Structures are given as structure tokens and as C-alpha cells.
Enquirer: 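Below are the C-alpha cells for one structure; questions will follow.
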Amino acid sequence: MATVRHGGTAILTTNGGSSSIRFALYARGEPPLLRLRGKIDRIEQTATTLAFTDAVTHESGETALEDAGHGAAVAALVDWLEQRGALDDIAAVGHRVVQGPQHPGPALITPALRAELEGLCRRDPEHMPRALELIAAFEKRLPGCPQVACFDTAFHRYMPRVATQIALPRRFEALGVQRYGFHGLSYTYLIQELARRGDVAATRGRVILAHLGSGASMAAVRDGIGIDTSMGFTPVAGLPMRTRSGDIDPGLVRFLAEETGMRPAQFDHMVNHQSGLLGLSQTSGDIRDLLASEGDDSRAAEAVALFCYQAKKMIGAYAAALGGLDTLVFAGGIGENAPVIRDRICDGLDFLGVTIDSTQNAASAALISRCSARVAVRVIATDEEQMIAILVSRLLG
């Protein structure tokens with residue numbers, strides 16, 4: 001077992017996305033205690049910013065970053081932490097790593113693991129190179145400091161084989177072609193939080209977790225173990241998202257190639273960055289913008305309707321896979337903060353025992369189902385950064 005960096009009292013967590021980097025500092029302990037949280041937003045776009053909130057002093061601020069590239073954002077984060085005197089206090093660094101299909105839990109980053117992760121970049125060019133860039137930056141600035149990879153795929157490691165298979169020729173399994181699932185750090189946190197709140201379904205029951213944000217997915221969980229999830233080989237599969245298409249007909253690859261000359265790389269860029277709510281509305285991928293304009297813009301209304309319809313359909317499918325439902329959890333930026341979306345998704349699910357208390361839902365209360373409902377419907381603020389800190393603390397002791 002690796003040891004934490006001598007003299008350090010903090011765990012740094014990083015959570016790199018395609019256009020943002022979330023980071024947090026936690027004091028070592030059980031559980032780790034939040035000291036600072038921040039985010040670099042709009043990477044590779046205009047008006048890139050670094051915003052933070054200090055949980056100890058309650059100081060907060062925002063800084064504009066001149067270079068909007070990802071490499072510059074990583075360098076800016078390291079420099080900013082150094083300027084605040086935080087680097088000297090870091091005992092270990094934990095990173096969210098989207099892909100890690102062979103790993104059932106967090107792993108210390110070694111040269112061998114880095115080589116393995118580099119080999120996964122072709123599978124996920126949206127996330128893996130960015131995670132490796134963060135790892136390299138902190139390895140350079142904090143030599144000898146333990147770094148830990150916390151894998152999004154780990155939560156789904158024990159799905160039954162029938163839920164992981166893709167109906168392509170079997171020979172492609174040798175290339176790793178199967179359904180993996182993502183958002184696993186969020187799901188791990190949500191199940192632990194559900195148990196902490198005393199919901200027995202977290203360990204002995206049937207739960208559907210709905211992580212609805214810029215990236216959106218669901219997971220079916222029985223007795224604390226994930227048995228199915230909506231994302232597949234990559235995070236673009238499943239529900240429509242902010243800019244990702246979700247599930248589509250694979251025949252579109254050939255059709256668009258023949259009709260428009262679209263190449264594979266262009267198709268991949270389209271389904272990751274130009275589709276989903278943005279593609280349908282042609283105005284915005286932000287659900288808040290679409291809800292504000294749906295009364296006057298039919299495209300916005302259709303985008304919202306499709307999102308809610310597909311989410312409702314997924315809940316029905318997972319209730320069938322679970323043989324019923326005890327608890328439904330909404331999380332993520334949309335799931336936690338959009339009562340109207342929760343209401344539209346749950347509308348018509350009375351046959352499953354899902355009925356919403358409109359007053360509680362409007363307040364985004366912790367429990368939004370009616371007292372008489374068979375299914376508990378909950379709103380839980382997920383915290384991937386805290387989950388990373390917990391996993392790092394457990395791994396390094």
C-alpha cells in the first residue's frame with residue numbers, strides 16, 4: 001500500500017469533463033471534510049473562468065482565464081493552487097477516470113496503470129486524454145505524491161452478463177466491445193447516502209437512480225448492486241443529454257456518410273457536441289433555457305418533451321428488470337433543481353406506485369413522493385468529489 005505524502009493534510013480531487021474541471025480540497029479524516037471547492041468552466045470556449053468557494057473562510061471568487069484550451073486550464077489550476085499555498089499541503093490526489101473496465105475499485109496510479117489508461121484513449125477520446133493531462137500535471141508539480149484513479153465504470157462491474165452484452169459478432173468482445181456504464185462515482189455516493197438516510201432499499205430493495213445533468217443516465221440497483229444502466233460502451237449512449245444524442249439507429253452512420261459525406265470523426269463530434277437538447281432545440285442544451293422558452297418555441301418544447309419521455313420510458317424498463325420498484329432517486333443538475341422535469345417524468349407512473357406530492361416537489365424536498373405512495377421518490381444532491389476523497393482515503397489509509 002502506498003502512503004500519503006509526508007506532511008500533507010489534504011486530499012485534492014479532480015473531476016475533468018469535456019468542457020470543465022471540478023476540483024476540491026478535503027481535510028484527511030473519516031469522512032474527509034470539505035475545505036475548498038471550485039470549477040473551471042467553459043474550457044475551449046469563450047469566457048473561461050475559474051470559480052471557487054472556501055468552505056472554511058466562506059471566501060468565494062471568480063477569475064477569468066485568457067487561454068481557453070484544456071492544457072492551459074490544467075496549468076492554471078495547478079498555478080492557482082500553488083498561489084494559495086495549497087500544493088504543499090496535499091497528501092494525495094484523486095482523479096475521476098471515466099474508463100477503467102478491468103478495475104473493481106480505485107487504484108494507485110503507476111506507470112503500468114498510466115500505460116493502460118493511455119490505451120483507452122481511442123475508446124473515449126472525450127474524457128481519457130483530459131484525465132491523463134491532469135495526472136501528468138500533478139505528477140510534474142508534486143513528484144512522489146500518490147495519485148489515485150477512481151473509476152466511473154467500477155460501480156457497474158458486477159452487472160449480469162446479459163446487461164453487458166452488445167448484439168454484434170462475438171469476435172468483437174476481444175476488443176472490449178461491451179456495455180460498461182458510467183456515472184459510477186455518483187451512483188456509489190447516492191447508494192451510500194440513501195443508506196445513511198435509513199432507506200432500507202439501498203441494501204435490500206429495488207432502486208432506480210436517475211443522474212440527470214449535462215450528462216444523463218440511469219441505473220437499476222438491486223440490494224445495493226447495479227444490474228443495468230443506460231450508458232453503454234461510451235457515455236454517449238442512453239438518454240438524450242445536453243449535447244449528446246443518446247441511443248440512435250446505427251444505420252445513420254452509413255446514411256449520413258452517403259448523403260452528406262460525413263466522416264466517422266465528424267459523426268462522433270456531432271453525436272457528442274451538436275446533438276441532444278442542443279441539436280433538437282437549435283438554441284441551447286441547457287434545460288433552464290428550454291423551459292423558459294418552450295411556451296414560444298416549439299423546438300424547445302419538443303426537446304424537453306423528448307427528454308422527459310425517454311427518462312419515463314427508462315424508469316419503466318428498469319422497473320421491469322428489477323421486478324418492481326421501492327425507491328426512485330433524482331440527482332444531478334437537472335434531477336436536483338428542476339421540479340417541473342421531475343413532475344413530467346413521474347406523471348403517468350402511478351401504475352408503478354410513483355406519485356408525487358406537488359408541494360414537496362416544488363420545494364425540491366428530500367422526499368417528494370406522497371405519504372401514501374408505494375415508491376419513495378427522493379431528491380439527493382450527488383457529490384462525486386466527496387466520493388473520490390472517500391475512496392482515496394480508504395485506499396491509502
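This one's a predicted model, so the numbers in the text were calculated from it and none came from an experiment.
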Enquirer: Taking distance alone, no hydrogens or angles, what donor-acceptor pairs closer than 3.5 Å link side-chain atoms of residues 164-178 to residues at least two apart or in another chain?
Expert:
{"residue": "Thr164", "atom": "OG1", "partner": "Arg161", "partner atom": "O", "Å": "2.9"}
{"residue": "Glu173", "atom": "OE1", "partner": "Arg161", "partner atom": "NH2", "Å": "3.3"}
{"residue": "Glu173", "atom": "OE2", "partner": "Arg161", "partner atom": "NH2", "Å": "3.0"}

Enquirer: For atom CZ of Arg22, decide whether the heavy atoms of other residues, nucleotides or ligands shown that lie under 6.0 angstrom number more than 12.
Expert: no
Enquirer: Walk me through whether Leu328 and Cys346 qualify under side-chain contact (heavy atoms from CB on, under 4.5 Å).
Expert: CA-CA 10 Å; Leu328 170 63; Cys346 292; 4.1 Å; yes
Enquirer: Hey, are the side chains of Asp41 and Thr48 touching, using non-hydrogen atoms and a 4.5 Å cut-off?
Expert: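 Counting from C-beta outward, Asp41 and Thr48 never come under 4.5 Å.
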Enquirer: Among the clusters formed by ILVMFWY side chains lying less than 4.5 Å apart, do Val329 and Val221 turn up in the same one?
Expert: yes
Enquirer: Measuring only between side-chain heavy atoms, which start at C-beta, is Arg114 closer than 4.5 Å to Glu139?
Expert: yes
Enquirer: I want to check something: taking the side chain as every heavy atom from C-beta on, are Pro235 and Asp124 in contact at a cut-off of under 4.5 Å?
Expert: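 Yes, at least one pair of side-chain atoms sits under 4.5 Å.
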Enquirer: Could you check whether atom CZ of Arg263 has more than 12 heavy atoms from other residues, nucleotides or ligands sitting under 6.0 Å from it?
Expert: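 No - once you tally the heavy atoms of other residues, nucleotides and ligands closer than 6.0 Å, there are 12 at most.
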Enquirer: Are Val340 and Val377 connected into the same hydrophobic cluster when the rule is that any two of I, L, V, M, F, W, Y join if their side-chain heavy atoms are below 4.5 Å apart?
Expert: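 Yes.
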Enquirer: Sub-3.5 Å donor-acceptor pair from the side chain of Asp247 to the main-chain atoms of Ala237, do we have one?
Expert: no
Enquirer: Whether the His211 and Ser217 side chains hold a donor-acceptor pair (N or O, under 3.5 Å, no angle test) is what I'd like checked.
Expert: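 Not at all, the side chains of His211 and Ser217 share no donor-acceptor pair under 3.5 Å.
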Enquirer: Report the C-alpha separation of Glu44 and Arg130 in whole Å, then their side-chain angles, then the decisive distance to 0.1 Å, and conclude whether the salt bridge (Lys or Arg N to Asp or Glu O under 4.0 Å) test is met.
Expert: CA-CA 12 Å; Glu44 297 179 354; Arg130 290 166 171 78; 3.4 Å; yes
Enquirer: Side chains of Ser186 and Thr382: donor-acceptor distance under 3.5 Å anywhere?
Expert: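 Per modelled atom types, Ser186 and Thr382 side chains form a pair under 3.5 Å.
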Enquirer: What's the shortest heavy-atom distance between Phe138 and Leu87, and which atoms?
Expert: CE2-CD2, 4.3 Å
Enquirer: Can you pull the side chain to side chain donor-acceptor pair (under 3.5 Å) pairs that have at least one residue in residues 314-327, sequence neighbours excluded?
Expert: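 Qualifying pairs: Asp199-Thr327, Arg206-Asp326.
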Enquirer: Of Leu396, Leu395, Val93, which meets side-chain contact (heavy atoms from CB on, under 4.5 Å) against Pro146?
Expert: Leu396
Enquirer: Does Met159 sit in a hydrophobic cluster with other residues, and if so which ones, taking ILVMFWY side chains as linked at heavy-atom separations under 4.5 Å, directly or through other members?
Expert: none
Enquirer: Scan the side chains in residues 350-359 for donor-acceptor partners under 3.5 Å anywhere in the protein, sequence neighbours excluded, and list what turns up.
Expert:
{"residue": "Asp357", "atom": "OD1", "partner": "Thr359", "partner atom": "N", "Å": "3.0"}
{"residue": "Asp357", "atom": "OD1", "partner": "Gln360", "partner atom": "N", "Å": "3.0"}

Enquirer: Would you be so kind as to tabulate the donor-acceptor pairs closer than 3.5 Å made by side chains of residues 97-106, with sequence neighbours excluded?
Expert:
{"residue": "His103", "atom": "NE2", "partner": "Glu116", "partner atom": "OE1", "Å": "3.3"}
{"residue": "His103", "atom": "NE2", "partner": "Glu116", "partner atom": "OE2", "Å": "2.9"}

Enquirer: When you compare the side chain of Leu322 with that of Val207, does any pair of heavy atoms fall below 4.5 Å?
Expert: no
Enquirer: Mind checking ring pair (Phe, Tyr, Trp, His ring centres under 6.0 Å) for His273 and listing every partner two or more places apart, or none if nothing turns up?
Expert: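 For His273, the residues satisfying ring pair (Phe, Tyr, Trp, His ring centres under 6.0 Å) (neighbours in sequence not counted) are His269.
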Enquirer: So, Arg179 side chain and Met231 main chain: donor-acceptor pair closer than 3.5 Å or not?
Expert: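 Present.
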Enquirer: Measuring from Phe255:CZ to Thr260:OG1, what's the distance to the nearest 0.5 Å?
Expert: 8.5 Å
Enquirer: Membership question, hydrophobic clusters at under 4.5 Å side-chain separation (ILVMFWY): are Leu185 and Ile109 in the same one?
Expert: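 No; tracing contacts between hydrophobic side chains, which count when under 4.5 Å, never links both residues.
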Enquirer: Which heavy atom of Ser393 sits nearest a heavy atom of Gly29, and at what distance?
Expert: OG-O, 3.7 Å
Enquirer: Is a donor from one side chain sitting under 3.5 angstrom from an acceptor on the other, for Arg342 and Ser364?
Expert: yes
Enquirer: Which atom pair, heavy atoms only, marks the closest approach of Phe233 to Arg123?
Expert: CZ-CG, 3.5 Å
Enquirer: Starting from the C-alpha separation in whole Å, work towards a yes-or-no answer on side-chain contact (heavy atoms from CB on, under 4.5 Å) for Leu194 and Arg378.
Expert: CA-CA 9 Å; Leu194 198 61; Arg378 301 183 182 275; 3.4 Å; yes
Enquirer: By ring pair (Phe, Tyr, Trp, His ring centres under 6.0 Å), which residues pair with Tyr26, not counting sequence neighbours?
Expert: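 Expected list: none.
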Enquirer: Can you tell me how far the CG atom of Asp152 sits from the CD atom of Glu384, to the nearest 0.5 Å?
Expert: 6.5 Å
Enquirer: Applying salt bridge (Lys or Arg N to Asp or Glu O under 4.0 Å) between Glu59 and each of Arg37, Arg84, Arg35, report the one that passes.
Expert: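 By the salt bridge (Lys or Arg N to Asp or Glu O under 4.0 Å) criterion, Glu59 pairs with just one of Arg37, Arg84, Arg35: Arg84.
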Enquirer: Kindly write out the residues that satisfy side chain to side chain contact (heavy atoms under 4.5 Å, CB included) with Arg242, not counting sequence neighbours, or none if the list is empty.
Expert: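 Arg242 satisfies side chain to side chain contact (heavy atoms under 4.5 Å, CB included) with Ser214, Asp286 only.
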Enquirer: Would you mind reporting whether Ile21 and Leu134 have side-chain heavy atoms less than 4.5 Å apart?
Expert: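 Yes - at least one pair of side-chain heavy atoms lies under 4.5 Å apart.
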Enquirer: Residues in ring pair (Phe, Tyr, Trp, His ring centres under 6.0 Å) with His156, at least two apart?
Expert: Tyr187
Enquirer: Would a hydrophobic clustering, with Ile, Leu, Val, Met, Phe, Trp and Tyr connected at side-chain separations under 4.5 Å, put Val304 with Ile334?
Expert: yes
Enquirer: Do Asp89 side-chain atoms and Thr9 backbone N/O form a donor-acceptor pair below 3.5 Å?
Expert: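 A pair under 3.5 Å: yes.
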Enquirer: Salt-bridge test for Arg254 and Glu259: reply yes if a basic N is under 4.0 Å from a carboxylate O, no otherwise.
Expert: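 Between Glu259 and Arg254 there is no salt bridge, as every charged N stays at least 4.0 Å from the carboxylate O atoms.
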Enquirer: What pairs with Glu62 under side chain to side chain donor-acceptor pair (under 3.5 Å), at least two apart in sequence or on another chain?
Expert: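 Glu62 satisfies side chain to side chain donor-acceptor pair (under 3.5 Å) with no other residue.
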Enquirer: Cation-pi check for Phe307 against Arg344: NZ or CZ below 6.0 Å from the six-membered ring centre and within 45 degrees of the axis, yes or no?
Expert: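 No, cation not above the ring by the 6.0 Å, 45° rule.
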Enquirer: Apart from Val200 itself, which Ile, Leu, Val, Met, Phe, Trp or Tyr residues share its cluster (side-chain heavy atoms under 4.5 Å, direct or through members)?
Expert: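 None; Val200 is a cluster of one.
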Enquirer: Quick check: does any side chain N or O of Thr188 sit under 3.5 Å from a backbone N or O of Gly184, one acting as donor and the other as acceptor?
Expert: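 Side chain of Thr188 to backbone of Gly184, a donor-acceptor pair under 3.5 Å: yes, one is there.
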Enquirer: Enumerate donor-acceptor pairs with a distance under 3.5 Å from any side-chain N or O in residues 70-80 to protein atoms, sequence neighbours excluded.
Expert:
{"residue": "His70", "atom": "ND1", "partner": "Glu133", "partner atom": "OE1", "Å": "2.8"}
{"residue": "Asp79", "atom": "OD1", "partner": "Arg141", "partner atom": "NH1", "Å": "3.3"}
{"residue": "Asp79", "atom": "OD1", "partner": "Arg141", "partner atom": "NH2", "Å": "3.0"}

Enquirer: Quick check: do Leu108 and Leu113 have side-chain heavy atoms less than 4.5 Å from each other?
Expert: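 A side-chain contact is absent here, since even the closest heavy-atom pair is not under 4.5 Å.
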Enquirer: Test your reading of the model: is there a side-chain donor-acceptor pair from Arg28 to the backbone of Gly8, 3.5 Å cut-off?
Expert: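 Looks like yes, one N/O pair under 3.5 Å.
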Enquirer: Do Leu209 and Val379 land in one hydrophobic cluster if side-chain heavy atoms of ILVMFWY residues count as linked below 4.5 Å?
Expert: no
Enquirer: Going from CG on Leu142 to CG on Leu12, what distance comes out if it is rounded to the nearest 0.5 angstrom?
Expert: 8.5 Å
Enquirer: With a sphere of 6.0 Å drawn around CD of Glu258, does it hold more than 12 non-hydrogen atoms of other residues, nucleotides or ligands?
Expert: yes
Enquirer: Output the distance between atom CG (Leu252) and atom OG (Ser245), rounded to the nearest 0.5 Å.
Expert: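 Answer rounded to 0.5 Å: 9.0 Å.
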Enquirer: At what distance, to the nearest 0.5 angstrom, does OG1 of Thr53 lie from NZ of Lys39?
Expert: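 With rounding to 0.5 Å, OG1 (Thr53) is 12.0 Å from NZ (Lys39).
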Enquirer: Between atom OH of Tyr189 and atom CD1 of Ile380, what is the distance when rounded to the nearest 0.5 Å?
Expert: 8.0 Å
Enquirer: For a 4.5 angstrom cut-off between non-hydrogen side-chain atoms, does Asp297 reach Ser281?
Expert: no
Enquirer: Test your reading of the model: is there a side-chain donor-acceptor pair from Ser275 to the backbone of Met270, 3.5 Å cut-off?
Expert: yes
Enquirer: Between Ile341 and Cys308, is there a side-chain heavy-atom distance shorter than 4.5 Å?
Expert: yes
